[in-house]
Amino acid sequence: MIVYLNGEFLPLSEARVPVLDRGFIFGDGVYEVIPVYAGRLFRLQEHLQRLENSLTSIKLHNPLSRQQWLERLETLVDRNNGGDQSIYLQVTRGPAKRNHNFPEPVVPTVFMMSEPASILPPSLGAKAITRTDTRWQRCDIKSIALLANVLLRQEAVEVGAAEAILIREGYAMEGAASNVFIVVDGVAITPPNSQFILPGITRDLIIEAMQAAQLPYREADIPEAQLRGSDEIWITSSTREIIPVITLDDKPVGAGQPGPVWSQVWHIYQDYKQKLRSNV
Ligand code: PDD
C-alpha cells in the first residue's frame, strides 16, 4: 500500500511520524474518510468542505488548497490501482514539545492512506444496541480523538452487534461511527445537524435523494421511545453505506427484517454510485 505523508508518496512500511506529534500525544487533529468507486472520489467537495469546517473549529490552518488536496488524493487513488477503495486522511497539529497550548510555529502533519472498500452485504440486516452517549459536546468536529466512540463500538461488537446507537438526554443522536435514520408510518426521520452529531456525507446524500424522489422525510429529534417503536432503523456511513438494523437491544425492529423504505433508498443510492462509476 502506498500512503501520503507530508508531501511524499511512499510504502506504508516506510511512513514515520515523530512520537511527539500532537496527534499521538493529544489526539489533536481531524480526519475524513472518502469512498472511491471505480477510481472516482465520492462527494469529494463535500468531504473537503467538512474537513475545512473541522480544521476551522480546532483553529488549525488548512495546509493545502482545494486543488492541492485534489491532486494528492487523485495520485493516491492511482498509486493504489484505482477501483473501489476507502481513503483515510488526517491532519494533526504536528510535532512539538508536549504542552497543551498550541506550539509556535505549527507544522501540521498530513497523512493519507487507501484501505480496501468493505461494504457489508446489506440485505442481511444488522444488530444494534443502545448506549448512553458519553462523548463530548462537539461531535460535529471530525476529531481523531475517538476514545468514547471506540469504547462504545467495542461494546456493540462484544455482543455481536454492528453498532451502538447513542442516546443523549433521552434522544437518539447517531451511531458510534454512523448516522441514524428511523422510519415511522412511511416517513424517514433523522436528527437535525447540531453540535451533537457529525454532519454525515452519506446522511446528506440520502436526504437529497429522498427529496429528489419525493419520498417523505423529516429532520427531527428522535425520542428514545420513538426509536424503539419505529418500523425501520438504518445506520449510514461512508464505509457502510445504508445498513438496515433488524434488532435493537435484541428486540426486532418492525417486522425484524430490512424494511421497504430502506430497500427503495438503498436502490437509489446504488444507482447514484453506478452513475459515478460510469462518470454520468
Ligand atoms: N465515520 N457519525 C460518526 C460519529 C462517524 O464517525 C461517521 C463516519 C458518520 C457518518 O459520516 P459519513 O457518512 O460522512 O461517513 C457519522 C467514518 C466512516 C469513520 O470514522 O471511519
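One-based numbering, in listed order, for ligands and for the atoms of each.
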Chemist: Ignoring hydrogens and geometry beyond distance, is a side-chain donor-acceptor pair present between Glu158 and Gln154 at under 3.5 Å?
Modeler: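 Checked: Glu158/Gln154 side chains pair up, N/O donor to acceptor below 3.5 Å.
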
Chemist: Which pair of non-hydrogen atoms, one from Arg93 and one from Pro103, has the smallest distance, and what is that distance?
Modeler: CD-CD, 4.0 Å

Chemist: Give one line per pair: atom of ligand 1, protein atom, distance. Only N/O to N/O under 3.5 Å.
Modeler:
residue: ligand 1; atom: 1 (N); partner: Lys142; partner atom: NZ; Å: 3.3
residue: ligand 1; atom: 2 (N); partner: Glu174; partner atom: OE1; Å: 2.7
residue: ligand 1; atom: 13 (O); partner: Ile201; partner atom: N; Å: 3.4
residue: ligand 1; atom: 13 (O); partner: Thr202; partner atom: N; Å: 3.0
residue: ligand 1; atom: 13 (O); partner: Thr202; partner atom: OG1; Å: 2.5
residue: ligand 1; atom: 14 (O); partner: Arg50; partner atom: NH1; Å: 2.8
residue: ligand 1; atom: 14 (O); partner: Arg50; partner atom: NH2; Å: 3.1
residue: ligand 1; atom: 14 (O); partner: Ile201; partner atom: N; Å: 2.8
residue: ligand 1; atom: 15 (O); partner: Ser238; partner atom: N; Å: 2.8
residue: ligand 1; atom: 15 (O); partner: Ser238; partner atom: OG; Å: 2.7
residue: ligand 1; atom: 20 (O); partner: Tyr31; partner atom: OH; Å: 2.6

Chemist: Can you say whether the rings of His100 and Phe26 are parallel (under 30°), tilted (30 to 60°) or perpendicular (over 60°)?
Modeler: tilted

Chemist: Under 3.5 Å, is there a donor-acceptor pair linking the side chains of Gln67 and Glu71?
Modeler: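 Glu71 and Gln67 do have a side-chain donor-acceptor pair below 3.5 Å.
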
Chemist: List, by chain and number, the other hydrophobic cluster members for Phe111, where Ile, Leu, Val, Met, Phe, Trp and Tyr join if side-chain heavy atoms come within less than 4.5 Å, directly or indirectly.
Modeler: Met1, Val3, Leu5, Leu10, Leu12, Val17, Tyr31, Val33, Tyr88, Met113, Ile144, Leu146, Val150

Chemist: Would you kindly check if the NZ (Lys) or CZ (Arg) of Arg72 is within the cone defined by 45 degrees around the ring axis of Tyr4 and under 6.0 Å from the six-membered ring centre?
Modeler: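 Judged by the rule, Arg72 and Tyr4 form no cation-pi pair.
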
